[in-house]
Amino acid sequence: MGIEQTLVLIKPDGLVKSLTGNIISKLSETELKIVGAKIVRVSRELAEEHYKHLKDKPFFEELIKYICGEYHTRRVLAMVYHGDNAIAKVRRIAGDTNPEEADPISIRGKYGRITTSGVYENVIHASENPKEAEREIKLWFRPDELVERIYPVIKKTEVREVLIWK
Ligand code: UDP
Ligand code: MG
């Protein structure tokens, strides 16, 4: 509780179904602030790290393919929401993990489905608790991609090749 931040992903099925606007509108009911947002091409490495706590589950391989976009489009919209009680507020509007059990007016209840192979294509990810939120936000975003210093940072001099406009 208190001021929190949470990682939200609009998963590849959400993007393919053109649900971005609907989902962001629904989440605006929370009155939380978006402090970062970007479209990400999800590598297998990122997907496995994100879902590492589910590595032993029978659906893990299908889940990785799903989040990498093999069945839809190879991208997700990653966002960080910030504000009072952010984690629970977003989880409540997202709905239960299983779209068939989710409240029908929640995002997952409205737009999710269960595939024939049993994966819950539930259109949105939302962090479960503050520890996971911190781990996930630090995995998906660099500090300079967020407009608020939500976690402590240090300065480091780094030489790396970057692309600039020609
Ligand atoms: N998932 C699934 N079958 C399950 C449990 C989870 O397909 O029995 C998928 C679903 O897409 C879910 C994701 O794996 O969103 C991560 O699972 P988790 O238990 O962390 O649920 P969440 O936190 O997303 O509600
Ligand atoms: Mg989870």
Side-chain angles (χ1 to χ4, degrees), residues 4-55 57-141 145-147:
E4 296 172 338
Q5 34 280 328
T6 185
L7 179 78
V8 171
L9 303 175
I10 299 184
K11 295 178 175 181
D13 52 329
L15 294 184
V16 158
K17 292 174 173 174
S18 293
L19 292 172
T20 308
N22 305 48
I23 292 171
I24 292 175
S25 289
K26 188 77 189 158
L27 288 174
S28 71
E29 289 172 16
T30 62
E31 295 182 28
L32 297 167
K33 275 193 296 185
I34 299 173
V35 296
K38 62 178 178 178
I39 292 282
V40 182
R41 218 172 263 288
V42 183
S43 66
R44 191 169 172 106
E45 191 188 11
L46 174 59
E48 285 187 358
E49 187 60 31
H50 177 75
Y51 280 133
K52 66 178 179 187
H53 55 293
L54 299 172
K55 207 158 180 102
K57 301 284 184 195
F59 57 83
F60 184 72
E61 184 57 33
E62 283 299 304
L63 173 62
I64 295 302
K65 284 190 193 161
Y66 161 43
I67 200 71
C68 284
E70 272 193 39
Y71 305 116
H72 304 91
T73 181
R74 210 168 171 74
R75 65 203 66 193
V76 304
L77 176 60
M79 297 180 287
V80 177
Y81 279 79
H82 173 79
D84 188 46
N85 204 13
I87 294 169
K89 278 183 182 159
V90 173
R91 290 282 292 189
R92 193 173 46 77
I93 287 181
D96 282 4
T97 307
N98 180 339
E100 282 186 3
E101 284 171 8
D103 183 334
I105 64 157
S106 67
I107 293 167
R108 287 166 163 182
K110 253 189 187 153
Y111 304 122
R113 69 166 195 140
I114 303 179
T115 68
T116 44
S117 56
V119 173
Y120 303 161
E121 283 185 3
N122 52 14
V123 306
I124 186 175
H125 166 83
S127 307
E128 278 175 57
N129 56 57
K131 199 162 158 252
E132 271 298 281
E134 179 171 355
R135 183 187 79 82
E136 293 172 358
I137 290 166
K138 289 179 175 175
L139 177 66
W140 287 81
F141 287 86
E145 292 178 310
L146 302 178
V147 296

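We count residues from 1, following the sequence as given.
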Under the side-chain contact (heavy atoms from CB on, under 4.5 Å) criterion, do Arg113 and Glu100 qualify, and how do the steps go?
CA-CA 7 Å; Arg113 69 166 195 140; Glu100 282 186 3; over 6 Å; no
Is a salt bridge present between Glu4 and Lys89, judged by a nitrogen-to-oxygen distance below 4.0 Å?
no
With a 4.5 Å limit on heavy-atom distance, are the side chains of Leu9 and Leu77 in contact?
no
Can Val8 and Leu27 be said to form a side-chain contact (heavy atoms from CB on, under 4.5 Å), step by step?
CA-CA 10 Å; Val8 171; Leu27 288 174; 4.1 Å; yes
Arg74 side-chain N/O to Cys68 backbone N/O, donor-acceptor pair under 3.5 Å
yes
Assess whether side-chain contact (heavy atoms from CB on, under 4.5 Å) is satisfied between Arg44 and Ile64, documenting all intermediate values.
CA-CA 7 Å; Arg44 191 169 172 106; Ile64 295 302; 3.7 Å; yes
Minimal non-hydrogen separation, Ala47 against Val42, with atom names
CB-CG1, 4.0 Å
Ile105 and Lys26: which non-hydrogen atoms are nearest, and at how many Å?
O-CE, 3.6 Å
In this structure, CD of Glu49 is separated from NZ of Lys55 (nearest 0.5 Å) by 9.0 Å
Smallest heavy-atom separation, Glu145 atom then Phe141 atom, equals OE1-CA, 3.4 Å
Test item: Ile124 and Lys11 side chains (from C-beta on) under 4.5 Å apart, heavy atoms:
no
Okay, side chain of Lys38, backbone of Trp140: is any donor-acceptor separation there less than 3.5 Å?
yes
Taking atom CD of Glu48 and atom CG of Leu63, what is their separation to the nearest 0.5 Å?
10.5 Å
With a 3.5 Å cut-off and no angle check, do the side chains of Asn122 and Tyr111 form a donor-acceptor pair?
no
First locate atom CD of Glu45, then atom CG of Leu139, and finally report the distance between them rounded to the nearest 0.5 Å.
9.0 Å
Do the side chains of Ser106 and Asp96 get nearer than 4.5 Å, heavy atoms only?
no
Below 4.5 Å, heavy atoms only, C-beta onward: do Glu62 and Phe60 meet side chain to side chain?
no
Strictly below 4.0 Å, N to O, side chains only: are Lys138 and Glu134 in salt-bridge contact?
yes
Backbone N/O of Ala126 and side chain of Arg91: donor-acceptor pair under 3.5 Å:
yes
Just wondering, do Thr97 and Arg108 contact through their side chains at under 4.5 Å, heavy atoms?
yes
Evaluate the side-chain proximity of Leu46 to Val40: yes if any heavy-atom separation is below 4.5 Å, no if none is.
yes
For the CD atom on Glu29, are there more than 12 heavy atoms of other groups (residues, nucleotides or ligands in this structure) within a distance under 6.0 Å?
yes
Please report the interatomic distance CG(Asn22) to NZ(Lys17), rounded to the nearest 0.5 Å.
11.5 Å
Ile87 side, atom CD1; Lys131 side, atom NZ - distance, nearest 0.5 Å:
12.5 Å
Measure across Thr6 and Ala133 and return the closest heavy-atom pair with its distance rounded to 0.1 Å.
CA-CB, 4.2 Å
Stepwise side-chain contact (heavy atoms from CB on, under 4.5 Å) check, Tyr66 with Asp13
CA-CA 8 Å; Tyr66 161 43; Asp13 52 329; 2.8 Å; yes
When rounded to the nearest 0.5 Å, the distance separating CD1 of Ile39 from OG1 of Thr20 is 6.5 Å
Under a 3.5 Å cutoff, is there a donor and acceptor pairing between the side chains of Glu132 and Ser127?
no
Mind listing the closest non-hydrogen atom pair of Leu15 and Val76 along with its distance?
CD1-CA, 3.7 Å
Do Tyr51 and Lys57 make a side-chain contact, defined as non-hydrogen atoms from C-beta onward lying under 4.5 Å apart?
no
Which heavy-atom pair separates Leu146 from Gly36 by the least distance, and what is that distance?
CD2-CA, 3.8 Å
Sub-3.5 Å donor-acceptor pair from the side chain of Asp103 to the main-chain atoms of Gly95, do we have one?
no
Counting N and O atoms only, with roles assigned by atom type, does the side chain of Arg135 sit under 3.5 Å from a partner on the main chain of His50, one being a donor and the other an acceptor?
yes
Within the 4.5 Å heavy-atom criterion, are Tyr81 and Lys33 side-chain neighbours or not?
no
